[in-house]
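Only one structure is covered here, and it is reproduced in the block below.
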2 protein chains.
Amino acid sequence: MAIQYNTSLDRTFHALGDGTRRKILSILAGQGASTASELLAPFDVAQPTISKHLKVLEKAGLVRREVEGRIHRFELVTNPMDEAESWISRHKQFWEGTLSRLDTFVDQLEKPSNKQEKNE
Amino acid sequence: MAIQYNTSLDRTFHALGDGTRRKILSILAGQGASTASELLAPFDVAQPTISKHLKVLEKAGLVRREVEGRIHRFELVTNPMDEAESWISRHKQFWEGTLSRLDTFVDQLEKPSNKQEKNE
DNA sequence: TTATAGTATAGCCAAATGGCTATACAATAT
DNA sequence: ATATTGTATAGCCATTTGGCTATACTATAA
């Protein structure tokens with residue numbers, strides 16, 4: 001079986017790994033909360049395609065959905081980005097020699113507290 | 001056709017979206033340049049699997065390969081992480097209201113200089 | 001020279017991905 | 001009451017992904 005993006009970091013990075021989804025986040029960052037229609041408009045893809053992307057972003061926690069009547073309004077949630085940025089930052093730091101290379105480094109990197117099958 | 005991770009950002013985030021690959025990068029960050037065997041050891045997967053992961057990381061530019069005889073030595077390259085971190089950072093900034101919301105924000109986010117089919 | 005060690009490639013598989021069309025459904029508007 | 005709008009779901013498709021085994025290849029060791 002292929003893994004299914006168990007960890008939050010998996011989901012976050014995976015969600016960010018698609019240009020359409022990044023652009024959706026950009027729009028939300030630029031103009032604040034927006035409806036699904038507003039998020040669909042700038043793209044040349046079918047409505048269900050954006051609907052799917054929004055679900056991916058929602059599951060990754062990068063977006064929060066609020067339903068008002070038949071309108072679904074989305075807003076950016078940056079918390080998952082913190083974890084992702086932190087991961088990158090730590091690795092850059094080590095590489096730049098800012099911190100000493102502990103041999104426990106690898107173990108510290110991602111807390112093993114999550115008991116997924118593919119935890120790191 | 002599904003997209004094929006054209007942009008550098010696509011490749012970077014996609015590469016980081018897998019726990020095994022992140023752990024490989026962690027090992028490289030922690031103990032410096034390592035051979036394919038050394039990178040294989042900590043995992044409970046077949047050798048060709050790691051070989052594939054290394055190729056993905058190499059194509060994303062996150063790793064540089066040096067062949068010495070039959071030994072392939074890999075080292076971390078953080079440059080692509082800069083771009084990724086910068087993307088995240090910019091979006092967090094806007095969300096936190098640190099910068100004013102320009103309506104040109106979205107256009108600025110990723111330079112449209114790459115003429116890929118899926119550029120943002 | 002023959003064996004072994006270090007890696008990559010080929011080829012297979014099941015699952016996930018991203019896209020589309022058609023359709024459903026609920027909420028608002030007429 | 002009926003039409004329309006906003007959005008999701010179902011179901012299909014081709015491609016990609018991550019994993020495996022078997023095999024090939026090259027370089028070093030015996």
Looking only at side-chain atoms of A/K55, point me to the closest of D/dG6, D/dG18, D/dT9. D/dT9
Rounding to an integer number of Å, can you tell me how far B/Q47 CD sits from C/dT4 P? 18 Å
For the residue pair B/T35 / B/H72, report whether a side-chain donor-acceptor contact shorter than 3.5 Å exists. no
Round to a whole Å and report the spacing from CD1 of B/I71 to C1' of D/dA27. 9 Å
On DNA chain C, more 5' by nearest nucleotide between A/V56 and A/E68 is A/V56
C/dT21 C1' sits how many Å from A/I50 CD1, rounded? 16 Å
What's the closest nucleotide to the side chain of B/R70 if the choices are D/dT7, C/dT4, D/dG19? C/dT4
Given A/L28, which of A/L76, A/L57, A/V77 fulfils the side chain to side chain contact (heavy atoms under 4.5 Å, CB included) condition? A/L76
Minimum heavy-atom distance B/G61-B/P80, with the two atoms named: O-CG, 3.3 Å
Within the 4.0 Å heavy-atom criterion, would you say B/A46 contacts the bases, only the backbone, or no part of the nucleic acid? base
Among D/dG6, C/dT7, D/dT9, which is the nearest nucleotide to the side chain of A/S37? D/dG6
Between C/dC20 and A/T49, is there an OP1 or OP2 to side-chain N/O distance shorter than 4.0 Å? yes
From NZ of A/K59 over to P of C/dT17, roughly how many Å is that when rounded to an integer? 9 Å
Nearest whole Å is fine: how far is C/dT17 P from B/D10 CG? 15 Å
I want to verify a distance call: between D/dG19, C/dC20, C/dT7, whose nearest atom is closest to the A/V45 side chain? C/dC20
Is it the case that the side chains of B/E83 and B/T12 hold a donor-acceptor pair, with the cut-off being a distance below 3.5 Å and no angle test? no
Just N and O in the side chain of B/H14: are any of them under 4.0 Å from OP1 or OP2 of D/dT17? yes
Among D/dG19, C/dG18, C/dT7, which is the nearest nucleotide to the side chain of A/R21? C/dG18
Starting from P on C/dG6, measure out to CG on B/L54 and report it in whole angstrom. 15 Å
Using a cut-off of strictly less than 4.0 Å, decide whether A/H53 has a side-chain nitrogen or oxygen near OP1 or OP2 of C/dT17. no
Below 4.0 angstrom, N of the basic side chain to O of the carboxylate: do A/E75 and A/R64 qualify? yes
Rounded to whole Å, CZ of B/F43 lies from P of D/dC20 at a distance of 12 Å
B/K52 NZ to D/dT17 C1': how many Å, rounded? 7 Å
